[in-house]
Each structure stands twice: as C-alpha cells, then as structure tokens.
Amino acid sequence: MKFEKTYNASKFENDIYKKWEKSGAFKPSNKKGAKPFTIMMPPPNATGTLHLGHAVMLALEDIMVRFHRMKGDSTLWLPGTDHASIATQNKVEKVIAVEGLTRHDMGREKFLKRVGQFVKGSQNTIRNQVRKMGSSCDWSRERYTFEPHLSTAVSEVFVRMYNDGLIYRGHRIVNWCPRCESTLADDEVTYKEERTQFYYLKYGPFVIGTVRPETKFLDKVIIVHPDDERYKESIGKKVMVPWIDGDVEATIIGDKAADMDFGTGAMTITPAHDFIDFDLAKRHGLEIIQIIDEKGNLNHHAGEFAGQNARAIRKKLVAKMTEKGLVDHIEENYVHNIALCYRCDTPIEPLVSQQWFINVDKKFKGVGEKTVGKSLKDRSIEVVRKKKVEIVPDRFEKTYFNWMENLHDWCISRQIWFGHRIPVWYCKGASTKCEPIVSAKTPLKCMNCGSKKLEQDPDTLDTWFSSGLWTFSTLGWPKNTPDLKKFHPTSVLETGYDILFFWVARMILMTQYALNEVPFKTVYLHGLVRTREGKKMSKSNPETCIDPLDMISKYGADALRLSMVIGGTPGNDIRLYEEKIAASRNFVNKIWNAARFAVMQIEEEKKQSKGTKNRKTKLSLTDKWILTLTQELIKSVTKDLENYKFSDAGSKIYDFTWNSFCAWYLEFSKGEQKNIAVLTEVLETILKLIHPFVPYVTEAIWKNLGHKDFVMLQKWPVVDKKKLFITQARELQIVVDAICAIRTLRQENAIDIVKKIPLTLVSSHSKILEEKRDAIERLGRISELTIANKMSEEIEAMKPTLRTFCAGVEVILPVSDLIDVSSQRAKNIEEIANVEKYIATLSGKLSNKNYVERAPADIISQDKDRLEEAKTRIEKLKSQSRYL
RNA sequence: GGGCAGUUAGCUCAGUUGGCUAGAGCGUCUCGUUGACGUCGAGAAGGUCACUGGUUCGAAUCCAGUACUGCCCACCA
C-alpha cells in the first residue's frame, strides 16, 4: 500500500522539494506567448534566522507563484538576501563582544572579513528555511544586495544621480546614533514614551523649560512669540545673564515657533542639537556650535564636564546649577517621547555633520525624456495616484501619500563599515582645489592635478539605497539583459505593511529615477503575525514566539502555510497559535485520506471489472451533482486568487473537500457502483486547486495516484460547461436534506444512531428519493424505507410516529408507545411559533405598499416563494403535532 | 495633535453592489464507530451584529456622532 494510514509530512517534504528543484521546475518557462509573472522575494536580512513574518510572506508569494505557473505564465520568483548594513554590523558586533572585542579593536578590514563570514552562514540558514516552507523560487537566479554585480548597480545609480544634481553633500542636522556612530534616516528613528524631570531654569529675566539641561551650555538666544504681550517689548534687545560658566550675552528674538502656552512661553535654543532649533538658527542667521560629539560626549564647551557623556552628567550639572541658583523649579514625571535608534535602542543625539543627501524635490530629466520633468517626490506620488502601482488594500495609499508628501531630502550616508562604500574620492595631492571624484569605477588619479593620492569617502550607503534597486538590479541592470526586458516591471510586490516606507516607497522612488518605470504593478501588503492574545511576537520573549521550523517539524509545512493564510485578509494582522496549525494539519490529513480511499476504490473497481467490460461510464445523479459543484468551485477559486482573496479561495476548497467531497460524495459512493472517471477527475481537480496552498501533500498524493509528472506543473483547471448539471444538482440536494432531517429527528429523540429503523418518506420528489433509496437507507440507518408520492390515509393513520418536514420531504418515523415525545412536542411548538413569526414578517412586508412598489421584482418574488414555503411548512408542522 | 483600522457565537474570523429566520472553523455538550481518516462521524446549544441617531419599503452592511481597542505619522522646548 502506497498510502499509510496517516500523512506524515516530515517523511515526504524534503524529498519532494529536492525533486522539484532538481527538475528545474522552479525556473520560468520559455514557452512562446506565455505572459511573464514576476515576484521579487523581499530579501530577508542576512542576520540570522527567519521568523513567522517571513513564513507568511513565503506562503502568500508561493501561492501566487504556483497559481500563475499552473495557469501557464512564465513565472519568475527570485530569491535573495539583503546585506542590511546596520543590522548586520550590529549583530556581528554583538558576536565579537563575546570574545571581548570591538570593531575598532579589529580594524575595518578584519571586521568586514568577519562580517562576510557571518553573512555566509546566515545565508545558508535562510536558504534552508525558505526551502523548508516549500517555496518554489528560482535558486539559479538568487541574488544578494552586496554581491559584485548589484554593487555595480548601486554605484551606477549614485553616479548618475550625482551628475543629475540629485545627490549632494551638505552640512545638516541629522539623527545620530552615538552607539552605532552613524546617521540614521528620519524613519529609522523610533520614539518611546519616557517619564522624566522637566527643568525650569532661570535665564536672566526669563524662565526657560527643558528636559536636557546638558545641551544648554552655549545657549545665548531667547525665542519668544512676536505676539506675546509679556515679551513683545524686549524683542531685538540684548541682556547679560548669569549662566552655567559665567555671564553670557543673550539676544531676544521673536519667532512664531515659540508656543505662548507652553511653559513660560520663552525658550533658548541649541541649534547644533535640535532639529527645530537648527531651522530657527538658519532662519535668523545664528551661529551653530557643536557641543556634543559623535560618541555622545560633551566637548570643550562644557568646561569641567568636557569628555563626559552628555546624558550621564545631567544630575551633576543640575546640582551645580541649583547651587548657582539657576534652577527655578523641577517638574517630576514629565511625559515626553524620547528618540531611539531603531536598531539598537540608543537615544539619538541630533547633531550637525557633513553628509550625502538625495534631493527629492529637484526636477530632473528622466530616462528617455527630452525635457526636465518632475521631481522624485512628485513622480512617486503620481504613479500611485494614477494607479500605475496599485496598493492592496487601497487604504494604504493614503498612508503612502502622506509620507511621500512630507518627505525631506533623504540622508543616504552612514558611518557604518559594512555596506556599499560611497563612490567618491577626494584628492589628497598638493592642490587643495581639486573637486571630489565621483565615479562608478575606482579612479587611478586625480583628473585635475594628476595626483595618485586619492582617498575614498569612508562612509557607506544607507542599506535601503541598494534594496531600493532590488527589482531591477537583480535582473542585470544597468545592462539591458533579456531578463530585465522580460520580467520588469515586476507583477506583484508582496510584503508586510510595516516596511511600506522603508522599502516599498524607496523602490518606487529609485526605479522612477533609474528606469523611469514602476518597479511593480501591484503591492500586496500582509499584516503582522500576532499571538492569540493579539500581542506582537518578539524574539526577546520566547513565550510568545513561535518558531516556524518547530511548527514545520511538528505539523508539516503545508499545515503551517494553511494556518497563516486562512482567516487572513490583506493589511490586517494575523493571530496564530498552535491549535490553529493543528486544525490545518487535520485538514491536510483529510485530503490524504480522501485520496487514500479513492485509490482503494479505484483499485477494487479495477479488480472487479477485470476482463469484463462492465466499467461504469454513465453519470449518476451523485456524479452530476459533484461535477457541478466542482465547476462552481473552479470558477470561484480562480476568481478569488486573481483578486488576492487567498483566504476565501482556501476556505472554499477546504469546505468543498471536507463536506461536499468527503462527507457526501464519498459516502454516497460507498454503496454504489463507482464511476472511476468522475471520482478521479474530482479528486485531481481538488489536488490542483489546493496545490498552491499545500504543495507537499498534493504532490505526494499525485505520485501515489501513479502520475510520473508533478502536480505543480499541471494545467490550472478551467470550467467545463458540459459538466454543469444545475437541475440534477438541485435534485440531489433534496436527498441530502432529507438524510439530514432523518438524522436530526433520530438524535433529538435519542434513538440509537446505530439501530436500523423503519421509516416513511412522503414527497412529490419521490422519484428522486427512489433513485437514491440505497443511500438513504444506508446513511439514515433505515431498515424498511417506504417512499410515497403523496400522503395517503394509511400513512396519515400511522401511530405513534415522529414526524418532521424539510425541503419538500415529509419524514415519518414510527416509534413505540414508550418513547418520550415531550421534547419533540416542545420542539414542535417552538418551531410553529417561529415559523408563524416568520410568516407574519413576510406577509407584513408583502402587504406594505411601499415595499411592493419600490423593491426590485426578484426580491419580491423571492419573498413570495418563501412565504409559500413557510405556509406549507407550518401546515405540516401543525398536522404533525397531532401525533405527538 | 493628525490619520487609519477594528468592535458580529466562549475563542479566531467570514459576511462582495443594502434584500435568505446572520455563517464557518475551533472550543463546549450529547450520541456514536457504518468499507479512508479518532488528525474521524452525527446532532445540539450558543449572537440586542459596541452604542445612539439618521437615510431607506428594508441596515451587520450606507451616513453622522459616541465609547472602547490596536496601529501609523508628527512631535511641544
């Protein structure tokens, strides 16, 4: 027997994956006329292991990819990893810290070597995990953002942007992480609520408020609102104020930035260490002096505190100021947000430094354009507004626009070691007037003075600069490769909504520049995976964190995939817990057993019909019913998948398989001569339709059915109108309903479910009931079944009996006098009341002039039918009550 | 402060353009093992669709407001 009693996923998965991969089935087909379908896998950071977020991503993308491949598209799913400069560097720093080393101890070169080794190991882990999930991606095209070719693309874009004036170098205030010793982009800063002291300091005649007295050493400008009656007169004046290290001359300036209602309405400013103050200083042409350095320490301006960590000396400084009588009062428990580095949670020190920026507002001539067109910002907004890029769900468009519209110039230089070096060299020759050399290739000498003493800019690029090129750098750009021509723009970008800004927006931006194209036509955003309680799963809390690999070894990859897809809708978070995965595993096992049973039937049938030609070919009522439902399933599942309704598609197949196919079709077939062709067709259609969701078990079954090829390469089922038998399908439904009614009647009256009982059915559909007599007897556990066309006196007189009525069939069950009918009587009374209420509602509706005049005709006739049905039903119920 | 979601059965969620007596899975209870599957089968109980108004013949669905929950953005010295 090829089929074991239960499906053991771990016995099949690795082997199946190897066979798929080896066969080349993951590569896009070269079939003529095949439409391209492309997904670029969002490259996981090369920092370690995959989590459930990646698992969701892989499951959804694999579903799309397998669906399109089966539909005949030339389907490319390109995998890869991201070097993730800051994240990876931090990770390796933690690793070497265990050995008591810092990156400075090792030096740049040695440290980078170590990072390289680490990345290699990490990539292997990731590759293995991606495979474990069953992802059918093309490994022959795997890419890494830091590999030579992709690095070329990075330099190329940089140089082009520089030449177009979109990249510039400037002194600006930036977010600085003193631990990473690097800048951070605005969106790489996170905020956390903090309770702290709020200090009111005496500044001459003013009282100013601050949470950071340690930045105030050099403050000598007071800002007040120009309309503030309290200070209006003093604007423009200078005053001498006693301050931390002696008297300073302070100037009073009027600016609307001062909030009259906050604190005392007066503030001093620290231009070098605060974004707002920096703007203010620029506006008023004030001096900008740095007092905190790159390590977060105070410099010589801080007097006795020089060289010490700025935040650490706060208490001591306040003590000193108190002594000098400079502290007015201190407010405790002041709530404010503290800015933190998103990679290491260190408080940010804003400071002024020289950095590289991308100008997002400058208009430029795009690729293929004759004149100067729009800015990066405007272009990126336009492509989404014009639906060249469609975001699913579309509510995220609003978020996207809001972010784009408020985008400032993007700081792209980082003082991180690991990453793409900025392709700029400075001449260190005799002349000091030489321009920096910006070049994709390492220059040999200075173009101006000919000196060979060149030094490359020590900084590296923001990691999102390179991942922003992901859709095309992976396809060979800047060369115009066949892959680039065929697969770009890509079809769908599937990712979590949490990186809409970090990545998605930047890809749109960069692709607009480099190709004057959109990177993808559709963005599908999935939600975050949460615990059953809705909490975030975090690695730091193993209690809440589920490891995808554990779940795969316990329940199988198919079960994990299914549990993450069913019940999820785009953009909404997914709650995941083990019971859910177990339920999916049960379903996977159900498919397995359905197939196992079908194969048993087929083999038995073959044995019986051996030599003879008595193979059944005529379609039974049941066959026509299941074929009809199958066509309907194909239609709606295909439509759902095309519309990114993965959960709907999955649940429909789930329901069809479990209920229509297993619970009814297979149960019916047990007592009948089988139509092997239909049984096989329906089973194989199920396997094909569900394959994108649960690739492993379907492939394992496919093989056990005797196929030599892969189910993953089968053609996607299409509706065959010749197999739609609407009337017959409806007829069989009557039988199904009747059997349900019989079962309910038995259960409600505690009639032993095993015991065979006599029964009478009265219905105008007696012909159909007659045709399915065997099935009714078997599934209803009936010993003697009487089927009558209409009520006769004899049947009427049968006593004692239990009676029920459903879907045009009256069910009459003779019982002994001893049976307790009180519960049935109560049920009957309740039901009568129920239906009477229903009739009242319906007839009320139908006698409402407004309703009859305004409602659409089909709704009215539907209600009329319902009323008739209800009336029949109540008559039956009332007549039945006489027997109770 | 601005914005976006969500609120439907004990739990997780469906419910398309307004129109079945509001559904599914899990869990619970009862009963059961009939030729695949105990990772199984049959049946039942369980809902004022958060609240208040409005539009409409008709609202879980549309509109306005309220409450609670979650998230994103901005950040006040």
Side-chain angles (χ1 to χ4, degrees), chain A residues 3 5-7 186-187 191 198 208-212 223 257-259 261-270 274-277 336-337 339 393 395-396 398-399 402-403 406 497-498 500-501 527-528 530 532 534 555 559 566-569 571-577 579-580 582-601 604 643 645 647-648 651 654-655 658 662-663 666-667 670-671 740 743-748 750-754 778-779 781 834-835 837-838 841-842 845 848-856 858-860 862-863 865-866 870:
Chain A
F3 278 98
K5 211 171 166 187
T6 48
Y7 173 67
D186 293 344
D187 46 288
Y191 292 88
F198 191 78
I208 56 154
T210 184
V211 285
R212 299 206 61 194
I223 306 284
D259 181 351
D261 301 324
F262 188 90
T264 58
M267 62 179 183
T268 61
I269 61 167
T270 314
D274 183 284
F275 282 83
I276 307 243
D277 295 359
H336 80 141
N337 283 330
R395 66 183 139 91
F396 280 99
K398 237 180 185 170
T399 323
N402 182 52
W403 187 82
N406 293 308
Y497 63 74
D498 51 327
L500 180 64
F501 306 137
L528 263 46
R530 292 177 177 279
R532 186 210 301 269
Y555 302 101
I566 290 190
T569 40
N572 292 327
D573 293 348
I574 304 148
R575 294 191 187 198
L576 191 73
Y577 38 90
E579 291 93 312
K580 223 170 170 175
S584 299
R585 186 267 324 268
N586 295 354
F587 175 62
V588 168
N589 190 58
K590 187 76 184 176
I591 306 173
W592 174 260
N593 268 288
R596 172 173 129 101
F597 181 64
V599 165
M600 282 166 66
Q601 303 250 31
E604 194 181 313
N643 292 315
K645 293 178 161 185
S647 175
D648 288 359
S651 349
Y654 181 104
D655 176 63
W658 206 304
C662 291
L666 291 184
E667 288 305 322
K670 282 178 183 172
C740 287
R743 285 171 172 170
T744 311
L745 195 63
R746 294 180 67 135
Q747 295 260 5
E748 278 175 354
I751 294 164
D752 187 352
I753 192 120
V754 196
R778 201 162 32 80
L779 300 174
R781 308 282 308 160
N834 227 336
V835 179
K837 221 165 91 190
Y838 183 45
T841 313
L842 278 176
K845 234 169 138 184
N848 182 335
K849 211 173 120 199
N850 281 327
Y851 171 68
V852 180
E853 272 170 17
R854 292 182 208 188
D858 56 321
I859 297 290
I860 294 174
Q862 201 181 60
D863 275 351
D865 291 349
R866 279 180 200 148

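Hydrogens, waters and symmetry mates are skipped; everything else that's a heavy atom, side chains included, is used. Just so we're on the same page: letters track the sequence lines, and every chain starts at 1.
Pairing of B:U61, defined by two Watson-Crick or G-U wobble distances under 3.5 Å, is not identified with any nucleotide. Pairing partner, B:U28: B:A44, with both Watson-Crick or wobble hydrogen-bond distances short of 3.5 Å. For B:G18, there is no paired base (Watson-Crick or G-U wobble, both distances below 3.5 Å). Across all strands shown, B:U34 remains unpaired; no Watson-Crick or G-U wobble contact has both distances below 3.5 Å. Base pairing of B:G6: its partner is B:C68, meeting the Watson-Crick or G-U wobble criterion (both donor-acceptor distances under 3.5 Å). Under the Watson-Crick and G-U wobble criteria, each requiring two contacts below 3.5 Å, nucleotide B:U39 is left unpaired.
With rounding to whole Å, A:I566 atom CD1 is found 12 Å from B:G25 atom P. Distance, A:N337 CG to B:G1 P: 13 Å, rounded to whole Å. Regarding A:I859, its CD1 atom lies at a distance of 4 Å from the C1' atom of B:G19, rounded to whole Å. Going from atom CG of A:N572 over to atom C1' of B:A5 covers 7 Å, rounded to whole Å. As rounded to whole Å, 11 Å separates atom C1' of B:A42 from atom CG of A:L779. As rounded to whole Å, 18 Å separates atom P of B:A36 from atom CG of A:N586. A:Q601 places its CD atom 13 Å from the C1' atom of B:C37, with the value rounded to the nearest Å. If you take CG of A:D863 and P of B:G19, they are 12 Å apart, rounded to a whole angstrom.
Comparing B:C68 with B:C51, their P atoms are spaced 16 Å from each other, to the whole Å. Here the separation of B:A36 from B:A24, taken at their C1' atoms, is 24 Å to the nearest Å. Rounded to a whole angstrom, the distance from the P atom of B:G10 to that of B:U28 is 15 Å. Separating the C1' atom of B:G27 from that of B:U34 is a span of 27 Å, rounded to the nearest Å. With both ends at atom C1', the span from B:U55 to B:C63 equals 7 Å, rounded to whole Å. B:G15 sits 15 Å from B:U7 when the C1' atoms are compared, rounded to a whole Å. B:A67 and B:U30 have their C1' atoms separated by 41 Å, given to the nearest Å. When the P atom is used for both B:G47 and B:G23, the distance is 14 Å, rounded to whole Å.
For A:R532 and B:U12, the shortest distance from a side-chain N or O to OP1 or OP2 is not below 4.0 Å. The phosphate of B:C4 has neither OP1 nor OP2 within less than 4.0 Å of any side-chain N or O from A:R395. In this structure, A:W658 does not reach the B:A24 phosphate: none of its side-chain N or O atoms is under 4.0 Å from OP1 or OP2.
Backbone-only engagement by A:T569 is indicated by non-hydrogen atom pairs under 4.0 Å involving sugar-phosphate atoms exclusively. If you check every strand for non-hydrogen atoms under 4.0 Å, A:N834 touches a base. In this structure, A:Y577 reaches the sugar-phosphate backbone alone: every heavy-atom distance under 4.0 Å involves primed, P, OP1 or OP2 atoms, never a base. Residue contacts shown for A:R585 include a base, since a base heavy atom lies under 4.0 Å away. Within the nucleic acid shown, A:A258 comes within 4.0 Å of at least one base atom, counting heavy atoms only. Nucleic acid contact class of A:K5 (heavy atoms, under 4.0 Å, all strands): sugar-phosphate only. Within the nucleic acid shown, A:G527 has no heavy atom closer than 4.0 Å to any nucleic acid atom. Backbone-only engagement by A:I276 is indicated by non-hydrogen atom pairs under 4.0 Å involving sugar-phosphate atoms exclusively. Residue contacts for A:F275: at a heavy-atom cut-off of 4.0 Å it reaches no nucleic acid atom on any strand shown. Using a 4.0 Å heavy-atom distance criterion, A:F198 is classed as a sugar-phosphate-only contact. In this structure, A:N848 reaches the sugar-phosphate backbone alone: every heavy-atom distance under 4.0 Å involves primed, P, OP1 or OP2 atoms, never a base. Across all strands shown, A:R781 has heavy atoms under 4.0 Å from base atoms, whether or not it also approaches the sugar-phosphate. Using a 4.0 Å heavy-atom criterion, one finds that A:K580 contacts the sugar-phosphate atoms exclusively.
Set against B:C71, B:C37, B:C75, the side chain of A:N589 has B:C37 as its closest nucleotide. In this structure, the nucleotide among B:C4, B:A14, B:A77 sitting nearest to the side chain of A:V211 is B:A77. Across B:A77, B:G43, B:C11, the shortest atom-to-atom separation from the side chain of A:F262 is found for B:A77. Closest to the side chain of A:Y838, from the set B:A36, B:C20, B:A44, is B:C20. Of the candidate nucleotides B:A42, B:C37, B:G3, B:G3 has the atom nearest to the side chain of A:K398. Listed candidates were B:C75, B:A77, B:G43. Nearest to the side chain of A:C740 is B:G43. Looking at the side chain of A:K645, the nearest of the listed nucleotides B:U16, B:A44, B:A36 is B:U16. Closest to the A:E748 side chain, of the nucleotides B:A44, B:A36, B:U21, is B:A44. Residue A:R743 places its side chain closer to B:A42 than to any other of B:A36, B:A42, B:A77.
At least one donor-acceptor pair under 3.5 Å links the side chain of A:N593 to the backbone N or O of A:K5. A side-chain donor-acceptor contact under 3.5 Å links A:N848 to the backbone of A:N850. Between the side chain of A:K580 and the main chain of A:R575, a donor-acceptor pair closer than 3.5 Å is present. Using modelled atom types, one side-chain atom of A:R778 and one backbone atom of A:E667 make a donor-acceptor pair closer than 3.5 Å. With A:D655 contributing its side chain and A:S651 its backbone, the two residues share no donor-acceptor pair below 3.5 Å.
Applying the 3.5 Å distance criterion, the base of B:A44 shares no donor-acceptor pair with the side chain of A:Q747. With hydrogens and angles left out, the side chain of A:E667 and the base of B:A36 share a donor-acceptor pair within 3.5 Å. Side-chain atoms of A:K590 and base atoms of B:C37 include a donor and an acceptor less than 3.5 Å apart. A donor N or O paired with an acceptor N or O is not found under 3.5 Å between the base of B:C73 and the side-chain atoms of A:N402.
In terms of position along RNA chain B, the nucleotide closest to A:L842 lies nearer the 5' end than the nucleotide closest to the other residue of the pair A:L842 and A:Y654. In terms of position along RNA chain B, the nucleotide closest to A:T6 lies nearer the 5' end than the nucleotide closest to the other residue of the pair A:T6 and A:Y191.
Taking all atoms of both residues into account, the shortest heavy-atom contact from A:A594 to A:C662 is CB-SG, 3.5 Å. Closest approach of A:F396 to A:G571, counting heavy atoms only: CE1-CA, 3.9 Å.
Note on ring orientation: taking the six-membered ring where Trp is involved, the planes of A:W592 and A:Y7 are tilted (angle from 30° to 60°).
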Practice prompt. Check the pair A:W403, A:D187 against side chain to side chain contact (heavy atoms under 4.5 Å, CB included), reporting the backbone distance first and the verdict last.
Written response: CA-CA 10 Å; A:W403 187 82; A:D187 46 288; 4.1 Å; yes

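Between atom OG1 of residue A:T399 and atom OH of residue A:Y497 there is a gap of 11.0 Å, rounded to the nearest 0.5 Å.
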